[in-house]
Amino acid sequence: MSNPEFKEALNTVTCRVLEQIAFVFPEPADLTAGIVFEDQKMLSVSLSFSGIEHGELSLIIPEEFCLELYANFLGKETQNGISEEEYTDAAKETLNIITGQFLTEIFGDEEQFNLSAPKAEKISKDELFSRIESGIYACSMVEDYPLIVILKLEAKVYGR
Amino acid sequence: MAFNILLVDDSKAIRSIIIKTLRLTKLDIDQIYEAANGKEALDVLLNNWIDLVLSDINMPVMTGIELVEEMAKDDLLKTIPVIIISTDGSTTRMDQLKSKGIKEYLRKPFLPESVGEKIDKVLGVKHE
């Protein structure tokens, strides 16, 4: 499978999952088309998978949008009182679901994968761009919030 | 008859969603217990009467698969039906889990009505 096909699958799955779990409608976007990150505090959640292929999937998401995500998850009308632990949990679970759907989309529903527990960290704008360069990424926008999913596949080691 | 249900998922958000979903079903529920991993779930199972377990697979400390394997070692616990609710979409894994005694499998994200349908099927509940 080629990088554009991975990218398309990442976009399709991310948009579908966010529609289903949070009732938001992301639009695929071009990261090089002037998206502004200056004022956004970004949260990165990532997990590794192992099976027929090994790799890592990350979701980079503005913290402010995580609040909306959590509120929509639970059908809350207000974002008041949502703790960092709660909105980070929502971001981790979103990545979990995206990963499960992405792996099925790419490798079919017979392949088994083991997933690690998602880890979360806050990242700077510079870190964001260095991570994008290290993998295959797909970007989408929900309102003014950029959502970036990055796939890193480990190189296969063949017997000598 | 009112049922006691145990929810096992490391995500508090997912547990909250499932609880909301359960409250929307017509099922007569007495208590809903929560656990964040398989080990916590075993503690609940050993100290309370539970009619149904809804469990995730990928959890820290003890996974859902390990939980099912532990339940299978106990004559009483192995009679409690388990429904897996997971992001994992592998049909191979589903078949393996069914061979270990899992009654039903629900993939995240799920529709609220599908939770009720699976539970009714497993518990043999018919609504008027």
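Chain letters run A, B, ... following the sequence lines, proteins first, then strands; residues in each count from 1.
Heavy atoms closer than 4.5 Å to chain B are found in the backbone of A:Phe113, but not in its side chain. For B:Lys12, the parts lying near chain A are the backbone and the side chain together; criterion is any non-hydrogen pair under 4.5 Å. Using a 4.5 Å cut-off between heavy atoms, A:Gln101 touches chain B through backbone and side chain atoms alike. Contacts of B:Pro60 with chain A are absent, with no heavy-atom separation under 4.5 Å from either backbone or side chain.
B:Thr91 pairs by the side chain to side chain contact (heavy atoms under 4.5 Å, CB included) definition with A:Asp109, A:Glu110, not counting sequence neighbours.
Taking all atoms of both residues into account, the shortest heavy-atom contact from A:Leu74 to B:Ala13 is CD2-O, 3.5 Å. Looking at every heavy atom in both residues, A:Glu111 comes nearest to B:Ser90 through O-CB, 3.2 Å. A pairwise comparison of heavy atoms in B:Ser11 and A:Asp89 identifies OG-OD1, 3.0 Å as the closest pair.
Counting heavy-atom neighbours within 6.0 Å of B:Glu113 CD, excluding the residue itself, gives a total above 12. Within a 6.0 Å radius of CD in A:Glu8, no more than 12 heavy atoms belonging to other residues, nucleotides or ligands are found. Other residues, nucleotides and ligands place no more than 12 heavy atoms under 6.0 Å from the CD atom of A:Glu64.
B:Asn58 CG to A:Thr99 OG1: the interatomic distance, rounded to the nearest 0.5 Å, is 10.0 Å. To the nearest 0.5 angstrom, B:Thr63 atom OG1 is 9.0 Å from A:Asn114 atom CG.
Under a hydrophobic-cluster definition in which Ile, Leu, Val, Met, Phe, Trp and Tyr are linked whenever side-chain heavy atoms come within less than 4.5 Å, directly or via other members, B:Met94 and B:Val115 are assigned to different clusters. One hydrophobic cluster holds both A:Phe107 and A:Leu10 under the rule that ILVMFWY side chains link at heavy-atom gaps under 4.5 Å. Residue B:Tyr33 is not grouped with residue B:Leu52 when hydrophobic side chains (ILVMFWY) are merged at heavy-atom distances under 4.5 angstrom, including chains of intermediate members. A chain of hydrophobic side-chain contacts below 4.5 Å, direct or via other Ile, Leu, Val, Met, Phe, Trp or Tyr residues, connects B:Ile19 to B:Ile14. Following chains of ILVMFWY side-chain contacts shorter than 4.5 Å, one cannot reach B:Leu45 starting from B:Ile18, and the two form parts of different hydrophobic clusters.
A 4.5 Å side-chain heavy-atom check between A:Thr104 and B:Arg107 finds at least one atom pair inside the cut-off.
With respect to the salt-bridge test (charged N to carboxylate O, under 4.0 angstrom), the residues B:Lys108 and A:Glu93 qualify.
Interface residues of residues 12-21 of chain A toward chain B, defined by a heavy-atom distance below 4.5 Å and sorted by number: A:Gln20, A:Ile21. Of residues 74-88 of chain B, those residues lying under 4.5 Å from chain A by any heavy-atom pair are B:Thr87, B:Asp88. Scanning residues 34-44 of chain B against chain A with a 4.5 Å heavy-atom cutoff picks out nothing at all.
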